[in-house]
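Read through the structure below, which is laid out as structure tokens, and then see the notes.
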Amino acid sequence: VQLQASGGGLVQPGGSLRLSCTGSGVTFNRYVVGWFRQAPGKEREFVARITRSGSSTKYLRSVEGRFTVSRDNAKNTAYLQMNSLKPEDTAVYYCAAGPQTADSLVYYSRLDTYDYWGQGTLVTVSS
């Protein structure tokens, strides 16, 4: 199972980026997908999660209303649309996938909920 995250880059404050996470070697629609980020010198933190069907999403409070997580199971791809970006959003962003269980629906912000991780894509928000 491999996850490939892409779409990062340098953007000015207030700008937008869309990250993609493509899975291979996995039946993508069987998995919850989470997005996490890790800023320099900080721990990795939860950003967003989407269930298998896409019917339920969760967000870190500081990104609610600015970020939108979605997925296209036919393309084995999940997305993180990031709008109104702020300098504090600067981080390496990771996508992760894990089986959808009762526990994973509750503990969606925990790293150990997810079995598979992508390599990360750097997002830099700066003028």
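With a 6.0 Å cutoff to the six-membered ring centre and a 45° limit on the axis angle, Arg44 does not count as a cation-pi contact of Phe36. A cation-pi arrangement is absent between Arg37 and Tyr94 under the rule of less than 6.0 angstrom and at most 45 degrees off the ring axis.
Interatomic distance, Cys95 SG to Ile50 CD1, rounded to the nearest 0.5 Å: 13.0 Å. Rounding to the nearest 0.5 angstrom, the gap separating the CG atom in Asn76 from the OG1 atom in Thr27 is 8.0 Å. Taken to the nearest 0.5 Å, the CD atom of Gln100 stands 12.0 Å off from the OG1 atom of Thr113. Taking OG1 from Thr124 and CG from Leu17, the interatomic distance works out to 9.5 Å, rounded to the nearest 0.5 Å. Note that OG of Ser56 and CG of Leu105 are 7.0 Å apart. Values are rounded to the nearest 0.5 Å. Note: Tyr107 OH to Thr101 OG1 = 10.5 Å, rounded to the nearest 0.5 Å.
For the pair Thr77/Gln4, no side-chain contact is recorded, criterion being any heavy-atom separation below 4.5 Å from C-beta on. When side chains are defined from C-beta on, Val123 counts as touching Met82, because their heavy atoms get closer than 4.5 Å. Two residues are said to be in side-chain contact when any heavy atoms from C-beta on lie closer than 4.5 Å; Leu60 and Glu45 meet this criterion. Side-chain contact between Asp115 and Pro99 is present, with at least one heavy-atom pair separated by less than 4.5 Å. Side-chain contact between Gln38 and Tyr93 is absent, with no heavy atoms from C-beta onward closer than 4.5 Å. The shortest distance between side-chain heavy atoms of Tyr59 and Thr68 falls below 4.5 Å.
The environment of CD in Glu88 is crowded: more than 12 heavy-atom neighbours from other residues, nucleotides or ligands sit within 6.0 Å.
The backbone N or O of Ala5 sits nowhere less than 3.5 Å from a side-chain atom of Thr121 that would complete a donor-acceptor pair. Side-chain atoms of Ser20 never come within 3.5 Å of backbone atoms of Ser6 as a donor-acceptor pair (strictly under, hydrogens ignored).
Listed by first and then second residue, the salt bridge (Lys or Arg N to Asp or Glu O under 4.0 Å) pairs involving residues 5-17 amount to none (not counting sequence neighbours). Every pair passing salt bridge (Lys or Arg N to Asp or Glu O under 4.0 Å) that includes a residue from residues 50-75 is listed here, sequence neighbours excluded: Arg66-Asp89.
Using a 4.5 Å cut-off between side-chain heavy atoms of Ile, Leu, Val, Met, Phe, Trp and Tyr, with links allowed through other members, Leu85 and Val47 fall into the same hydrophobic cluster. At a threshold of 4.5 Å between side-chain heavy atoms, the hydrophobic network of Ile, Leu, Val, Met, Phe, Trp and Tyr places Val92 and Leu111 in one connected group. Cluster membership for Val33 and Val63, using ILVMFWY side-chain heavy atoms within less than 4.5 angstrom, is shared. By the criterion of side-chain heavy atoms lying less than 4.5 angstrom apart, applied directly or through intervening Ile, Leu, Val, Met, Phe, Trp or Tyr residues, Phe67 is grouped together with Val69 in one hydrophobic cluster. Linking Ile, Leu, Val, Met, Phe, Trp and Tyr residues whenever their side-chain heavy atoms come within less than 4.5 Å leaves Leu3 and Val32 in two separate clusters.
Shortest non-hydrogen contact noted between Gly34 and Tyr114 is N-CE2, 3.6 Å. Nearest heavy atoms, Ser16 versus Asn83: OG-OD1, 2.9 Å. Of all non-hydrogen atoms in Pro13 and Ser127, the two that sit nearest each other are CD-N, 3.7 Å.
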